[in-house]
Trainee: 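First the structure, which I've put down as structure tokens, then a few questions once you've had a look.
Residue numbers start from 1 in every chain, and the chains themselves are labelled A, B, ... in the order their sequence lines are given, proteins ahead of strands. All values below come from the heavy atoms of this structure, side chains included, with hydrogens, waters and symmetry mates left out.
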Number of protein chains: 2
Amino acid sequence: MGRWEPDARGRMIRAAMELFAERGFEQTTAGDIAERAGVTERTFFRYFADKREVLFDGSPELVQAAHDAILAAPAEAPPLEAALAGIVAAGGILEGRRDHAVRRSRIIAATPSLQERELLKLAAMVDTIAKALHERGVDEPTARLAAHSAVTVFQLAFERWVSAAEPPDFASCVAETAAALRALR
Amino acid sequence: MGRWEPDARGRMIRAAMELFAERGFEQTTAGDIAERAGVTERTFFRYFADKREVLFDGSPELVQAAHDAILAAPAEAPPLEAALAGIVAAGGILEGRRDHAVRRSRIIAATPSLQERELLKLAAMVDTIAKALHERGVDEPTARLAAHSAVTVFQLAFERWVSAAEPPDFASCVAETAAALRALR
DNA sequence: GCGCGTGATGTCAGGGACTGCCATCACTAC
DNA sequence: GTAGTGATGGCAGTCCCTGACATCACGCGC
């Protein structure tokens with residue numbers, strides 16, 4: 001299956017990350033990204049539903065990993081524990097590309113419009129996790145509660161993982177955050 | 001301090017809710033809303049930062065109520081309990097306008113772009129609650145964890161409150177959801 | 001009553017996000 | 001080599017949103 005230059009999608013993603021980091025998201029035009037990637041603006045919008053989406057390319061894989069890990073968790077694991085197994089699995093995908101994750105999260109932190117999109121992706125993760133728990137036989141209210149809690153742990157563990165000077169592994173960030181959550185009163 | 005017709009903001013909000021309910025958010029242009037409200041599109045954008053914002057007018061008051069209630073909670077209340085007091089206070093503002101809240105939430109549920117904005121507002125609530133807890137002397141990681149948990153309770157309690165056939169009071173929805181959260185293991 | 005200042009509104013021009021439509025190109029299969 | 005297929009380019013158009021400037025209604029001092 002041929003094409004002009006290979007990996008147009010990857011080129012656009014890299015171009016976007018560079019430009020967003022250099023001059024900021026709002027100061028970067030979709031045409032700018034396309035130009036640096038060597039394609040047309042029209043092509044950009046064929047790959048990405050909108051300008052923000054270019055930063056959220058791997059999101060479905062993350063969610064899928066969480067889903068699979070939850071269904072693979074031991075049957076006797078309680079809901080929150082199973083959900084956290086999913087979080088750890090999702091984090092595992094990031095593990096190899098901490099550098100990229102750090103730059104990406106800096107860009108998002110600087111732009112409310114991108115934060116919105118990130119929150120929407122996290123909400124999708126909540127839904128998927130709740131669905132997976134429900135498939136395990138957890139009643140729906142409990143599943144949704146556990147899913148929300150697990151994604152909260154994901155968010156806070158991610159921040160910890162990203163901001164630590166000495167890069168720890170994601171799983172231990174999750175463990176620490178989860179312990180703090182259980183200690184809440 | 002006079003003006004043409006009074007309450008331009010209110011007219012635009014009502015016009016937007018009507019139109020969004022009638023034909024949907026994306027099928028409604030900013031010009032449509034302005035026209036029905038008897039103003040210009042330009043005026044619409046002077047009142048609201050963007051087309052979505054017209055549905056989130058009372059948001060700061062909600063957040064402020066939560067903040068104040070948290071600072072007013074008994075000093076010996078543990079973090080999560082104080083945060084939940086804030087949630088109940090925020091819910092109290094909605095109490096009198098359940099009808100409006102229901103219609104609004106239906107519109108938002110039908111539009112991803114509006115869900116994004118809602119999630120951003122909830123994130124702002126998380127930040128404010130965490131800040132309030134921190135002012136009470138709670139250490140920051142715990143404060144953020146409790147804030148996230150409290151807002152999760154808000155979301156799920158709100159859904160319960162909105163979807164119940166026989167309208168219960170918001171506070172008891174919060175109590176039930178919070179109990180389920182504490183039962184999570 | 002009357003001009004004046006002030007704030008809200010209207011008008012206009014324009015850039016950027018996105019979409020639909022159609023032409024064109026590279027590559028594949030026959 | 002030719003037809004088919006999928007990716008791309010080009011173009012027109014709508015809508016979102018903004019800046020700049022004119023205009024209007026009102027309160028105020030006189």
Trainee: Report yes or no: is the cationic atom of Arg106(A) (NZ for Lys, CZ for Arg) under 6.0 Å from the centre of the six-membered ring of Phe20(A), at an angle within 45° of the ring normal?
Mentor: no

Trainee: Taking atom P of dC15(D) as reference, at what distance in whole Å does atom CD of Gln27(B) sit?
Mentor: 11 Å

Trainee: When the distance from CZ of Phe48(B) to P of dC15(D) is rounded to whole Å, what number comes out?
Mentor: 21 Å

Trainee: Thr29(B) has a side chain; which of dC18(C), dG10(C), dC16(D) sits nearest to it?
Mentor: dC16(D)

Trainee: Test the Arg9(A)-Phe48(A) pair against the cation-pi criterion, namely NZ or CZ under 6.0 angstrom from the six-membered ring centroid and within 45° of the ring axis.
Mentor: yes

Trainee: Given dA20(D), dT9(C), dC17(D), which nucleotide is nearest the side-chain atoms of Arg42(B)?
Mentor: dA20(D)

Trainee: Considering every strand and a 4.0 Å limit on heavy-atom distances, what is the contact class for Thr28(A): base, sugar-phosphate, or nothing?
Mentor: sugar-phosphate

Trainee: Check if the side chain of Arg46(B) and the base of dG7(C) share a donor-acceptor pair of N or O atoms closer than 3.5 Å.
Mentor: no

Trainee: Of the listed nucleotides (dT11(C), dG10(D), dC16(D)), which one gets closest to any side-chain atom of Thr40(A)?
Mentor: dG10(D)

Trainee: Using the side-chain heavy atoms of Thr43(B), tell me which of these nucleotides is nearest: dC18(C), dG10(C), dT8(D).
Mentor: dG10(C)

Trainee: For the side chain of Glu41(A), starting at C-beta, report the closest nucleotide among dC18(C), dG9(D), dC17(D).
Mentor: dC18(C)

Trainee: Compare the minimum distances between each of dA7(D), dT9(C), dC18(C) and the side chain of Tyr47(A), then state the nucleotide with the smallest one.
Mentor: dA7(D)

Trainee: Testing Lys121(B), Arg52(B), Gln115(B) for side chain to side chain donor-acceptor pair (under 3.5 Å) with Glu116(A), which one passes?
Mentor: Arg52(B)

Trainee: Do Arg36(A) and Glu22(A) meet the salt-bridge criterion of a basic N to acidic O distance under 4.0 Å?
Mentor: yes

